[in-house]
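Notes follow once the structure below has been shown.
Sequence positions, counted from 1, serve as the residue numbers for this chain.
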Amino acid sequence: MATKMRANVFTGPGQLGIQMKDVPKPGYNEALVRVTLTTICGTDLHILKGEYPVKSGLTIGHEPVGVIEELGPGITGYKTGERVLVGAITPCGQCEFCLSGKWSQCGGRLGGWKFGNTIDGCQAEYVLVPNAQGNLAKIPDNLSDEDVVLLSDIASTGISASETANVQLGDSVVVFAQGPIGLCATAGARLKGASLIIGVDSDPVRLKMALQMGADEVIDHTKTDAVKEILRITGGRGVDVAIEALGTQPTFENALRSVRAGGKVSSLGVYSGKLEVPLDPFGAGIADIQILTTLCPGGKERMRRLMELVSSKRLNLKPLLTHEYSLDRIMDGYDVFGNRKGGVLKVAIRPNL
């Protein structure tokens with residue numbers, strides 16, 4: 001086996017590049033996975049811009065699909081050569097937060113997100129998986145890498161917005177921003193039984209995809225006042241659930257203004273700087289509006305359930321993979337993804353292309 005590997009390494013704001021690193025050796029309850037497919041996430045862009053701090057020298061990326069190369073001590077039920085999907089969130093399953101069902105907050109605030117945050121991530125030829133017994137999800141033979149790679153993060157995150165808000169059969173839902181997360185939130189609202197789903201964006205490619213993912217109505221917020229249009233569609237009532245999938249003050253405020261009294265704002269966006277709650281749409285704090293947040297649920301059981309949705313053809317995310325690059329050309333992928341060129345939705349990265 002190789003002793004060196006290529007990895008996409010963060011060295012400072014605006015500075016990412018391929019470096020050679022040692023191939024790690026798995027310890028207790030760890031697994032070494034040879035990465036066959038991964039992708040670039042919006043959170044990686046926040047890191048590149050210096051908007052989310054990580055240490056210099058860290059390998060970026062948190063959405064791995066691959067093959068088990070080596071298993072550390074203490075792992076049972078797996079063998080080398082098996083194809084696995086690993087969630088972006090890798091909970092330990094033993095701490096207070098995990099045992100309370102808050103897997104993504106493993107060990108403390110945001111603690112479940114380790115790849116490309118506190119430990120080396122998967123935009124590399126190999127990745128070391130922590131807490132591997134609880135985080136290696138075997139991929140069924142009938143599913144390809146492309147079928148499952150987006151389950152690791154954006155599908156789990158997007159669908160979780162409706163789960164956290166406890167969307168009921170017949171609910172009305174609006175999803176602000178139809179980027180990759182928002183498109184998965186649209187699909188999630190459909191899966192949870194919403195009877196009316198409204199997608200809001202300005203990109204015609206994304207609005208068209210929103211309809212494909214389950215939206216009943218789409219609104220281009222550059223051509224019409226989105227909040228007024230949502231109120232018109234709902235007969236002045238407002239939606240039961242407003243999902244914020246971008247992480248900006250305007251989209252957060254519009255979500256608040258769109259929701260009915262006693263409704264819910266389910267927030268997925270990663271915010272930078274200061275976020276303010278305007279009192280008028282919040283009903284001065286006494287309109288019984290709930291503001292909920294969710295970090296991507298992880299663990300192998302979550303991944304298994306998501307793969308079941310794909311296997312049963314209730315969820316198909318392959319149309320979101322619009323571009324593909326080798327690891328050596330990953331910065332071209334960052335350019336295309338970050339600047340939204342060529343109708344990009346998600347960029348696939350193949351380390352061995």
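- For the pair Ser156 (side chain) and Ser152 (backbone), a donor-acceptor distance under 3.5 Å is absent.
- In this structure, Leu45 CG and Ile60 CD1 are separated by 11.0 Å, a value rounded to the nearest 0.5 Å.
- With hydrogens and angles ignored, the 3.5 Å screen pairs a side-chain donor or acceptor of Arg83 with a backbone N or O of Leu143.
- Side-chain atoms of Arg34 do not come within 3.5 Å of backbone N or O of Glu70 as any donor-acceptor pair.
- Partners of Asp171 under the salt bridge (Lys or Arg N to Asp or Glu O under 4.0 Å) rule, at least two apart in sequence or in another chain, do not exist in this structure.
- Residue pairs meeting the side-chain hydrogen bond (donor to acceptor under 3.5 Å, both in side chains) criterion with at least one member in residues 278-289: none, sequence neighbours excluded.
- When only modelled atom types and interatomic distance are considered, Thr157 and Ser160 share no side-chain donor-acceptor pair under 3.5 Å.
- Lys346 contributes no side-chain N or O that, together with a main-chain N or O of Thr322, makes up a donor-acceptor pair within less than 3.5 Å.
- Under the 3.5 Å distance criterion, the side-chain polar atoms of Ser172 are matched with a main-chain donor or acceptor of Asp240.
- Sorted by first and then second residue, the pairs that involve residues 157-166 and meet salt bridge (Lys or Arg N to Asp or Glu O under 4.0 Å), not counting sequence neighbours, are Glu163-Arg302.
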Side chains of residues 270-277: which donor-acceptor pairs under 3.5 Å do they make with residues two or more places apart or in other chains?
residue : atom : partner : partner atom : Å
Tyr271  : OH   : Glu244  : OE1          : 3.1
Tyr271  : OH   : Ser267  : OG           : 2.8

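- A search for side chain to side chain donor-acceptor pair (under 3.5 Å) contacts involving His46 returns Glu51, not counting sequence neighbours.
- Listed by chain and residue number, nothing satisfies the salt bridge (Lys or Arg N to Asp or Glu O under 4.0 Å) test with Arg190 (two or more places apart in sequence, or in another chain).
- Put simply, the side chain of Asn117 never gets that close to the backbone of Val54: no donor and acceptor are under 3.5 Å apart.
- Residues forming a side chain to side chain donor-acceptor pair (under 3.5 Å) with Lys313 (at least two apart in sequence, or on another chain): none.
- A search for salt bridge (Lys or Arg N to Asp or Glu O under 4.0 Å) contacts involving Arg340 returns Asp201, Asp203, not counting sequence neighbours.
- Qualifying salt bridge (Lys or Arg N to Asp or Glu O under 4.0 Å) partners for Lys264, counting only residues two or more places apart in sequence or in other chains: none.
- For Asp225, the side chain to side chain donor-acceptor pair (under 3.5 Å) test picks out no residue, with sequence neighbours left out.
- The side chain to side chain donor-acceptor pair (under 3.5 Å) search around Lys49 returns none, not counting sequence neighbours.
- If you check the side chains of Asp220 and Thr222, you find a donor sitting under 3.5 Å from an acceptor.
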Counting only pairs under 3.5 Å, give me each side-chain donor-acceptor contact of residues 97-110, with atom names and distances, residues two or more places apart or in other chains.
residue : atom : partner : partner atom : Å
Ser100  : OG   : Glu96   : O            : 2.7
Ser104  : OG   : Leu295  : O            : 3.3
Gln105  : OE1  : Leu110  : N            : 2.6

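- Between the side chains of Gln133 and Asn131, no donor N or O sits under 3.5 Å from an acceptor N or O.
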